[in-house]
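When a residue number appears, it is its place in the shown sequence, counting from 1.
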Amino acid sequence: MKKVRVQFLLFVYDKTQKLYRKYFKKKKRQWQFNEEQLLKFQEDSLGRKLGEFYKKHGFSMIPKMENHDVHHLITGCGTQFEDEIAMQYLLLGNGKLNAHLLAAVVLGTFILPEYMKLYMKAYRKGQSMRPFYHWDFESLLWQDFDHLKDYIQQKETPVLY
């Protein structure tokens, strides 16, 4: 039965993400890098980690949705469907609020309620992190991934003089 519910959510996501990109992301441009170029970034950089993420999962970049994949890396959220919903809860906890996110949270909760503990844990995690949902991660691709992740998670990073 879960398989049918997930198939339904995938169908809805496929239809709505195109509309979301068209109407909510119309002023945003797609990144100027592709998956292969990301793999050429310095080893510990966000760009390289993102390129490795795409390669590992067999994903390709979706124009105007690149930050979404960075959110997976920064938050440690998986790529299963329940993890995708959990990430929306995390972003809600982090301060992001729009119609697409709310629809994903409501529909995901209704269709997959057995993951409510996971969703609430993700929401609290989002609250505990520095607000990052609005960042332009393309401009941060050269940054050290671990330092960036630690900063977002409000961990102390060593100061190098």
Side-chain angles (χ1 to χ4, degrees), residues 1-21 24-25 28 31 35 38 44-62 64-141 143-158:
M1 186 63 168
K2 177 185 172 189
K3 186 176 180 179
V4 173
R5 292 182 288 155
V6 170
Q7 290 289 357
F8 173 73
L9 285 172
L10 285 170
F11 171 79
V12 171
Y13 172 75
D14 182 55
K15 300 302 178 196
T16 60
Q17 71 96 353
K18 291 172 186 166
L19 294 172
Y20 176 69
R21 285 189 295 144
F24 289 91
K25 301 278 188 176
K28 187 172 171 75
W31 285 11
E35 298 88 343
L38 292 173
D44 293 329
S45 68
L46 171 61
R48 177 71 164 272
K49 297 291 183 186
L50 185 58
E52 291 168 356
F53 172 84
Y54 288 126
K55 188 174 182 179
K56 175 183 175 186
H57 294 287
F59 295 158
S60 57
M61 297 172 88
I62 299 173
K64 301 183 179 184
M65 298 292 286
E66 299 89 350
N67 278 350
H68 176 86
D69 298 321
V70 175
H71 294 163
H72 278 285
L73 289 174
I74 295 294
T75 64
C77 285
T79 57
Q80 297 297 316
F81 212 84
E82 59 270 15
D83 299 321
E84 292 285 351
I85 296 164
M87 190 165 73
Q88 297 306 311
Y89 268 91
L90 186 145
L91 292 170
L92 182 64
N94 196 247
K96 184 174 183 177
L97 189 61
N98 63 43
H100 191 258
L101 179 138
L102 288 176
V105 165
V106 169
L107 191 60
T109 303
F110 180 73
I111 302 292
L112 295 172
E114 63 267 33
Y115 294 100
M116 198 62 204
K117 284 184 182 177
L118 174 68
Y119 303 155
M120 293 315 299
K121 183 178 178 183
Y123 179 81
R124 287 188 297 277
K125 183 177 180 179
Q127 288 180 310
S128 72
M129 301 171 93
R130 290 181 193 269
F132 67 89
Y133 67 89
H134 60 285
W135 288 13
D136 172 21
F137 284 103
E138 184 180 20
S139 65
L140 299 172
L141 291 172
Q143 297 297 312
D144 181 277
F145 174 73
D146 288 329
H147 291 167
L148 188 60
K149 187 175 176 180
D150 287 347
Y151 178 77
I152 289 172
Q153 294 179 357
Q154 296 187 350
K155 292 181 182 173
E156 291 295 320
T157 54

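For the pair Glu138 and Leu141, the minimum side-chain heavy-atom distance is below 4.5 Å. Looking only at side-chain heavy atoms (C-beta outward), Val70 and Trp135 stay at 4.5 Å or farther from each other. Between His57 and His72 the shortest side-chain heavy-atom distance does not fall below 4.5 Å. Between Leu118 and Asp83 the shortest side-chain heavy-atom distance falls below 4.5 Å. Inter-residue side-chain proximity for Glu35 and Met61 is flagged as met; some heavy-atom pair is nearer than 4.5 Å. For the pair Tyr151/Arg130, a side-chain contact is recorded, criterion being any heavy-atom separation below 4.5 Å from C-beta on. Two residues are said to be in side-chain contact when any heavy atoms from C-beta on lie closer than 4.5 Å; Leu97 and Leu92 meet this criterion. Looking at heavy atoms from C-beta onward, Leu38 lies in side-chain contact with Tyr54 at the 4.5 angstrom threshold.
Within the model, atoms CG of Asn67 and CG of Leu140 stand 9.0 Å from one another, a figure rounded to the nearest 0.5 Å. Between the CD atom of Gln127 and the CG atom of Leu90 there is a distance of 9.5 Å, given to the nearest 0.5 Å. In this structure, CD1 in Ile74 is found 8.0 Å from CD in Gln153, a value given to the nearest 0.5 Å. To the nearest 0.5 angstrom, Leu91 atom CG is 12.0 Å from His134 atom NE2. With rounding to the nearest 0.5 angstrom, the CG atom of Leu112 is 7.0 Å from the CD atom of Glu82. Taking CG of Leu107 as the start and CD of Gln88 as the end, the distance is 12.0 Å to the nearest 0.5 Å.
The aromatic rings of Phe132 and His71 sit perpendicular to each other, their planes meeting at more than 60°, with 30° as the lower class boundary. Between Tyr119 and Tyr89, the ring planes are parallel. Angles under 30° get that label, and only those over 60° would be called perpendicular.
For Gln154 against Met129, the heavy-atom pair with the smallest separation is NE2-C, 4.0 Å. The two residues Ile111 and Glu114 make their nearest non-hydrogen contact at O-OE1, 4.4 Å. Nearest heavy-atom pair, Ala122 versus Ala86, reported as atom, atom and distance to 0.1 Å: CB-O, 3.2 Å. Considering all non-hydrogen atoms of both residues, Asn98 and Leu101 come closest at OD1-N, 2.7 Å.
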Would you please test Phe53 and Asp69 for side-chain contact (heavy atoms from CB on, under 4.5 Å) and show each step? CA-CA 8 Å; Phe53 172 84; Asp69 298 321; 4.0 Å; yes
Go through it in stages, so that I can follow the logic: the residues are Lys121 and Lys125, the test is side-chain contact (heavy atoms from CB on, under 4.5 Å), and I'd like the CA-CA distance, side-chain angles, deciding distance and then a yes or no. CA-CA 6 Å; Lys121 183 178 178 183; Lys125 183 177 180 179; 5.8 Å; no
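With hydrogens and angles ignored, the 3.5 Å screen pairs no side-chain donor or acceptor of Glu52 with any backbone N or O of Leu50.
Figure legend: cation-pi geometry between Arg48 and Phe145 absent, as NZ or CZ is not positioned both under 6.0 Å from the six-membered ring centre and within 45° of its axis.
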